[in-house]
Amino acid sequence: MNPNLPTFLSILYEKKIPSKVSTAASYRSIDWYINAFKSNPDTEWVFGVDGLPQDSHIYRKNQNGEKLFEVMKIGAEMEIQIVWQYIVFRYNEKDVEQAVQLAKDNGIIFELNIF
């Protein structure tokens, strides 16, 4: 993720240009995400976490799904539009209902993708 993303989002916010960020990256710090959320509270954020947070690394190699889920919860608490993009695979298909409830309990929009 571009280190200047918060600056870009701030410019878009000032110019009232709609923005959307799609990510599955967990290497940025939680503070970095909070700063990015604050830079443009109107940005929609879509997080690719495929499966329950503790299992997302099965498909998304080296992803820290638990950390990203914490980021998602923080964003939702800040009233940022947060979307959990969940791609269904054999390893996570049994967890969909639990994930839907987890999203609902935390004010996160759940987007199920079946291919």
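In this text the structure is predicted, and so the values were computed from the model without any measurement.
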Results of side chain to side chain donor-acceptor pair (under 3.5 Å) for [X] - residues two or more places apart only:
{"X": "S39", "result": "none"}
{"X": "Q101", "result": "D105"}
{"X": "Q85", "result": "none"}
{"X": "N62", "result": "none"}

L68 CG to Y27 OH distance, which is reported to the nearest 0.5 Å: 11.0 Å
Rounded distance (nearest 0.5 Å) linking atom CD1 of I80 with atom NZ of K38: 10.5 Å
Within-4.5 Å side-chain heavy-atom neighbours: [X] and [Y]:
{"X": "N113", "Y": "Y86", "answer": "no"}
{"X": "L52", "Y": "N92", "answer": "no"}
{"X": "L5", "Y": "V21", "answer": "yes"}
{"X": "Y33", "Y": "F47", "answer": "yes"}
{"X": "M72", "Y": "V49", "answer": "yes"}

Within 6.0 angstrom of F110 CZ, more than 12 heavy atoms from elsewhere: yes
Can you hop from [X] to [Y] via hydrophobic side chains spaced under 4.5 Å?
{"X": "I108", "Y": "V96", "result": "yes"}
{"X": "L112", "Y": "Y59", "result": "no"}
{"X": "I82", "Y": "I87", "result": "no"}
{"X": "V71", "Y": "M1", "result": "yes"}

Set of ring-ring contact (aromatic ring centres under 6.0 Å, His included) partners for Y91, sequence neighbours left out: F89
For W32 against P3, the heavy-atom pair lying closest together: NE1-O, 4.0 Å
Between S56 and Q63: side-chain donor-acceptor atoms closer than 3.5 Å: yes
Pairs meeting criterion salt bridge (Lys or Arg N to Asp or Glu O under 4.0 Å) with involvement of residues 57-77, two or more places apart: D50-R60, E70-K73
Summary of salt bridge (Lys or Arg N to Asp or Glu O under 4.0 Å) pairs that have at least one residue in residues 92-103, sequence neighbours excluded: none
Residues clustering with V83 (ILVMFWY side chains joined when closer than 4.5 Å, directly or via others): V46, I109
Side-chain donor/acceptor of N106 to backbone N/O of L102, under 3.5 Å: yes
Test side-chain contact (heavy atoms from CB on, under 4.5 Å) applied to I74 - qualifying residues, sequence neighbours left out: I30, I34, M78
Show me the donor-acceptor pairs, under 3.5 Å and distance only, between side chains in residues 10-19 and residues at least two apart or in other chains.
from: S19; atom 1: OG; to: N40; atom 2: ND2; distance (Å): 3.3
from: S19; atom 1: OG; to: T43; atom 2: OG1; distance (Å): 2.6

Residue pairs fulfilling ring-ring contact (aromatic ring centres under 6.0 Å, His included) with at least one residue in residues 64-83, sequence neighbours excluded: F69-W84
